Chemist: 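Sharing a structure, written as structure tokens. Questions coming.
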Amino acid sequence: MAFEKIDKRPAFPKLEEGVLQFWQETNAFEKLREMNRGNKKWSFLDGPITANNPMGVHHAWGRTYKDVFHRYHAARGHDMRYQNGFDCQGLWIEVEVEKEHGFTNKRDIEKYGIGKFVEECKARARHYAAIQSEQSKRLGYWMDWDNSYYTMSDNNNYSIWHFLKKCHDEGHVYKGKDVMPWCPRCGTGISQMEMNEGYRETDHLSVFVRFPIVDQNGSSPEGKEALLVWTTTPWTLTSNVAAAVKSDMTYVKVQCDGWIYYIGKGNFEAARKQPVEGPIAKTAPSLMSIQAIFKNAGGFEVLGELKGSELVGWSYRGPFDHFEGAAEAKENHRVIAWDHVTESEGSGIVHIAPGCGGDDHRLGREQGLPSVAPLDDHGEFMAGFGELTGRRFVDVASDIAADLKSRDLLVAREKYFHRYPHCWRCKEELVYRLVDEWYINMQWRDRIAVVTKTARWLPSWGLDRELDWLKNMGDWMISKKRYWGLALPIWECDQCGHFDVIGSREELKERAVAGWDQFEGNSPHRPWLDEVRIKCGRCSHDNVPRVKDVGNPWLDASIVPFSTMGYFEDRDYWQKWFPPEFIVEALPGQFRNWFYALLAVSTMMTDKAPFGTLLGHGLVLDDQMEEMHKSRGNAIEFNSAADKFGVDVIRWMFCDHSPERNIAFGPVHIDEVYAKLIRPLWNTYAFFCDYARLDKYDPTEGVLPVDRRTDLDRWILSDLQGLIELADACYSHYDTHTFCRRAQRFVDDLSNWYVRRSRRRFWKSDWSDDKLAAYDTLYEVLTTFCQLIAPIMPFMTESMYQNLVVNQRSDAPASVHHVRFPETDASRADRTLSERMSQFLRVVSMARAARTEAKLKVRQPLAELRVQPGSDGEADALRQFEDHMLEELNVKKLTIDPDVSNMCQVSVRGDMKVLGPKFGKQAGAINAALKEADGTALAGQVEKNLPVPVSVNGTVIELESADVIVEKSYGDDWAAQENMETVVLLDRRITHELKMEGIARDVVRQVQNLRKQADLNIEDRIVLSLESEGEIAEAIQTYDEYIRRETLADSVATSQFEGAVAKIDVTFGRQSLAIGLSKA
RNA sequence: GGGCUCAUAGCUCAGUUGGCUAGAGCGCGUCGCUGAUAACGACGAGGUCCCAGGUUCGAGUCCUGGUGGGCCCA
């Protein structure tokens, strides 16, 4: 079958749709799996994508890598599992379902019904999993889509039960009472991992408050004395228990406005600054120093200094001692010592509310202080806090300030800007609350670190980052007071406090004493599992309920090396596929999320790393390098990008990029890939098909042995071997970046040198070895290159392969993705040849520069190009490729001259910029004298960096070499280019003969243009009329045969004829030419 | 305060165990070429390879210290 004619500028997105259809109709993926089944395996583990929204272009980066390495390993014949995963459980889904219903808090959900709510969460996950599957297929992602795993599956949930029980058996599960960041809207604690997502700049009302001193270690103050305290969260003053100072810090005693204050000395004097950066810092009002505040309040007097340690033990009156809720604190108001107090923030005396802050709570525990916890689940004040009861903590700051003022406790108020944590999902301000949560302690972190070090991290600093996290992380909070998620398999006895962790469904069935019937037949989620009661493992209580909490979603995603690989059902299968050789995910965040959780779970289960190599990649940003956000309107949906640009180009763009850097996504960058790679490659392919079709080239007929092909052929084949070798090394080391760069350079060499230099060989009308060699070579290069980039651009290569291979050979594999990866052929690799060509190309570039310098168009033949080679290799290269130089530069002769210095006149002139300031009025005379002097001799001095003597009006002045400029000249007859040792000289003298030939070439060019305008096919023959006079007529006559051959003219008339389909009048100099042509 | 990381042309970035005369693409300007190529080529403007020391025959590359950005931890 003939080669198809190729559309030069196809709509690639449409082409890709066609290929998708082809794959589907031919079951291409299933056939590939069948071919490789049972072979050596390559094991991959997919990090589940959150099935909560359609994919954005940023999802395509990681998924491109995943597909690329799958395809490469398939081409290596490896058997693979091809399993994609969906992350289904967790708050992010709940939040979206809540939005659909317009729910604002947990009460709404409970009213609606937990069962119904949970079912809708499941449905949402399934819905978006289906959409993402379709989108992934469009990306060309070959996966076993019917076998995707879902983290909400019973299997996955029960697998986590097993893990948690194992943790419990080793004594790592505990219930902790701690102050946690809490989202009052979601009604749940926020783990350390999640916290980091939500820091945002915001402003709060902060206050300076006085705590009136009651007792100073036995004596009472005579007048009004107070501790000065500062806080950015006035609501926490309701729960103040103590005030902390640093023992060795200096404090000042200051009188102001009838009070005597104690304040950190550094704090008192220091200028204060809003701790924010960027635009917000400009709008934020500047902060007054405490000193300035006092000055404004009517002036102050410093009465003395003392150490923090002297303050310790004093007692004071708290700001809200009248609230019943704070009763416990009232007895405990005293000054304590704490190392964390600093001079750089606040007043140097820190208000401590152990029920309202993490550090406060730890300090309170050490010091045996009571905790006052004023807020409920919704962030509202509980009973016992007077008029605040029932109000939300976010709303009360200014009322509290007003109340303090009315009770003479407020010193100052200000707007304070800082970074404050917000809920990463719903953006609500977080609050620190004292709550009960479930934890896995991380005393075994060293065990995880050992395992972590056994994996290969790309980029390599990832390991250090992960180890750093392991070292610093706190215990893993695994509970969440929500609805949709892993139902924690913890049953806690409300009579004796004992808790049991259940490790499997079977175990639960055995232990169940009630509610099993209601549960059976449902998934292990709320509310169904909540029905099941067991008998306490310690006391006699026989109606023990499950704790209501659901689990941390990173548990769901990190059990998958076990749950999805048959750890529980088919241990042999698991043994075969675990550990996966490769995982790849986006870097930001995952060190403390998936990577961490995966390592922790796998360490607990097997003490083995859950991956051999981890590849991390950066973020996808918009073309201004800004993060993409839906709200900002710069997010790009996957579908729209695929429809508009096509996915091959997107895949290449991602693969071409250095993974650890963020990537800018935008039309400009897409176009770059088209311009740099796709268009030249496609055009080379189209060029080949055009001529191969006309010539009826048959690649299945005997291929010409390589040693009978030209140097040019053997060069491109040799470079191709280098590229194969590199491709193999890069793919197997998960480095597409290096490969893509080299592949682009290869396409450039192919298109702009090999094809450009070989064009005429394809145009020849009759078959010869040379022509066959050109076809065989270009065919081999195109088909092989196709295989090399097929993993990255699966669509375009498929289309090329169908035309180049399947249509030609009946025995060819049906898809480009069924073909084994190319092997290097040592007989085709020729390092010397490759090296020579690159040396040669350097000289060609210099010769072109000389052409430009000569201001003579390439159409005009010139007599001679003379080269002084910079090395022996370069001389060899020039001899070897002489013909190419002659043709490319359109010169008659190439002379290799080992020393051209005899053609060169050297002159030395003064550098007036230097001479002027140095010699003043004399400079002109010096310069004139330099011109007179023996340039060669002076230049010799300059080269040796010796003094340059010059005689001016009888006196000899010695110039430094920096004072002069050496100029070389090869005269008017030669255009010169020099670079290091290489010198290229182009004879710019045009003889009458050369001129005639130049005109003939010009005529040909004009005719060719006219053919193009007349829309003729390249093979169409024409009749031509050329009406001219003088030199043009002479040239046409002399080069009659040449003109006819080049333009496919059957006849050339010297006057116009009737019926010309295209005409043009042109002038060369003062002479004119009228051209007319029509189809023969 | 600690950890990791980055810093190369106006922009986006290459630069592989130290061998560099520091490159590419985009953008800008000029000229040229073109029967595969809305392509391409040549030339021009644009660099203290963040700074300072050190190791070395030789440092963009390695080491130390600093400055600035990013991420993380506290």
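Protein chains get the first letters and strands the later ones, always in sequence-line order, with residue 1 at the start of each. Worth saying up front: this structure is predicted, and the values here are computed from it rather than measured.
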Chemist: Please list each protein N or O that sits under 3.5 Å from an N or O in nucleotides 37-39 of chain B, with the distance.
Modeler:
unit_1, atom_1, unit_2, atom_2, d
rU37(B), O2', Asn683(A), ND2, 3.0

Chemist: Taking 4.0 angstrom as the limit, do Asp359(A) and Arg362(A) come out as a salt bridge?
Modeler: yes
Chemist: Toss me the dot-bracket line for RNA chain B: Watson-Crick and G-U wobble, both under 3.5 Å, 5' to 3', using | for pairs to another strand and [ ] for crossers.
Modeler: (((((((..((((.....[...)))).(((((.......))))).....(((((..]....)))))))))))).
Chemist: Classify Tyr691(A) by what it touches in the nucleic acid, base, sugar-phosphate, or nothing, heavy-atom distance under 4.0 Å.
Modeler: sugar-phosphate
Chemist: To the nearest Å, how far apart are Arg842(A) CZ and rA42(B) C1'?
Modeler: 16 Å
Chemist: Can you confirm if the aromatic rings of Phe12(A) and Trp682(A) lie within a centre distance of less than 6.0 Å?
Modeler: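 Yes, the ring centres sit under 6.0 Å apart.
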Chemist: Round to the nearest Å and state the distance from Leu677(A) atom CG to rC26(B) atom P.
Modeler: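 Rounding to the nearest Å, CG of Leu677(A) and P of rC26(B) are 13 Å apart.
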Chemist: Choose from rG25(B), rG41(B), rA36(B) the nucleotide whose nearest atom is closest to any side-chain atom of Lys676(A).
Modeler: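 Of rG25(B), rG41(B), rA36(B), rG25(B) is nearest to the side chain of Lys676(A).
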Chemist: To the nearest angstrom, how far is Met846(A) atom CE from rG41(B) atom C1'?
Modeler: 16 Å
Chemist: Between the protein and nucleotides 10-18 of chain B, which nitrogen or oxygen pairs come in under 3.5 angstrom?
Modeler:
unit_1, atom_1, unit_2, atom_2, d
rA14(B), OP1, Arg661(A), NE, 3.1
rA14(B), OP2, Arg661(A), NE, 3.3

Chemist: Suppose we screen for salt bridge (charged side-chain N to carboxylate O under 4.0 Å, His left out). Which residues come up paired with Asp464(A), at least two apart in sequence or across chains?
Modeler: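 Partners of Asp464(A) by the salt bridge (charged side-chain N to carboxylate O under 4.0 Å, His left out) criterion come out as none, since no residue qualifies.
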Chemist: With sequence neighbours left out, write down each residue that passes side-chain contact (heavy atoms from CB on, under 4.5 Å) with Leu841(A), or none if nothing qualifies.
Modeler: Trp753(A), Met837(A)
Chemist: Quick one: side-chain contact (heavy atoms from CB on, under 4.5 Å) partners of Gln868(A), sequence neighbours excluded?
Modeler: Asp899(A), Val900(A), Val983(A)
Chemist: Is a side-chain donor-acceptor pair under 3.5 Å present for Tyr754(A) with Asp719(A)?
Modeler: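 Tyr754(A) and Asp719(A) do not have a side-chain donor-acceptor pair below 3.5 Å.
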Chemist: Give a yes or no on whether the backbone of Arg757(A) and the side-chain of Glu887(A) come within a donor-acceptor separation of less than 3.5 Å.
Modeler: no
Chemist: Please enumerate all protein N or O atoms sitting under 3.5 Å from an N or O of nucleotides 2-4 of chain B, with distances to 0.1 Å.
Modeler:
unit_1, atom_1, unit_2, atom_2, d
rC4(B), O2, Arg465(A), NH2, 3.0

Chemist: Could you list the residues that satisfy side-chain contact (heavy atoms from CB on, under 4.5 Å) with Ser732(A), not counting sequence neighbours?
Modeler: Tyr72(A)
Chemist: I want to know whether Phe591(A) and Tyr596(A) have ring centres closer than 6.0 Å.
Modeler: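 Ring centroids of Phe591(A) and Tyr596(A) are no less than 6.0 Å from each other.
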Chemist: Between rC43(B) atom C1' and Leu986(A) atom CG, what is the distance in whole Å?
Modeler: 15 Å
Chemist: Can you name the residues that form a side chain to side chain donor-acceptor pair (under 3.5 Å) with Ser845(A), not counting sequence neighbours?
Modeler: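 Per chain and number, Ser845(A) pairs via side chain to side chain donor-acceptor pair (under 3.5 Å) with no residue.
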Chemist: Name all residues meeting the side-chain contact (heavy atoms from CB on, under 4.5 Å) criterion together with Ala847(A); count only those two or more places apart in sequence or in a different chain, and write none if there are none.
Modeler: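 Result, side-chain contact (heavy atoms from CB on, under 4.5 Å) vs Ala847(A): Leu865(A), Met885(A), Leu889(A), Val984(A).
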Chemist: Identify every side-chain donor-acceptor pair in residues 651-659 of chain A under 3.5 Å, counting partners at least two apart or on other chains, and give the distances.
Modeler:
unit_1, atom_1, unit_2, atom_2, d
Arg651(A), NE, Ile792(A), O, 2.8
Arg651(A), NH1, Asp67(A), OD2, 2.9
Arg651(A), NH1, Leu139(A), O, 2.8
Arg651(A), NH2, Asp67(A), OD2, 2.6
Arg651(A), NH2, Pro791(A), O, 2.9
Trp652(A), NE1, Gln744(A), OE1, 2.7
His657(A), NE2, Asn662(A), O, 2.9

Chemist: For Phe665(A), check ring-ring contact (aromatic ring centres under 6.0 Å, His included) against everything at least two apart and list the hits.
Modeler: none
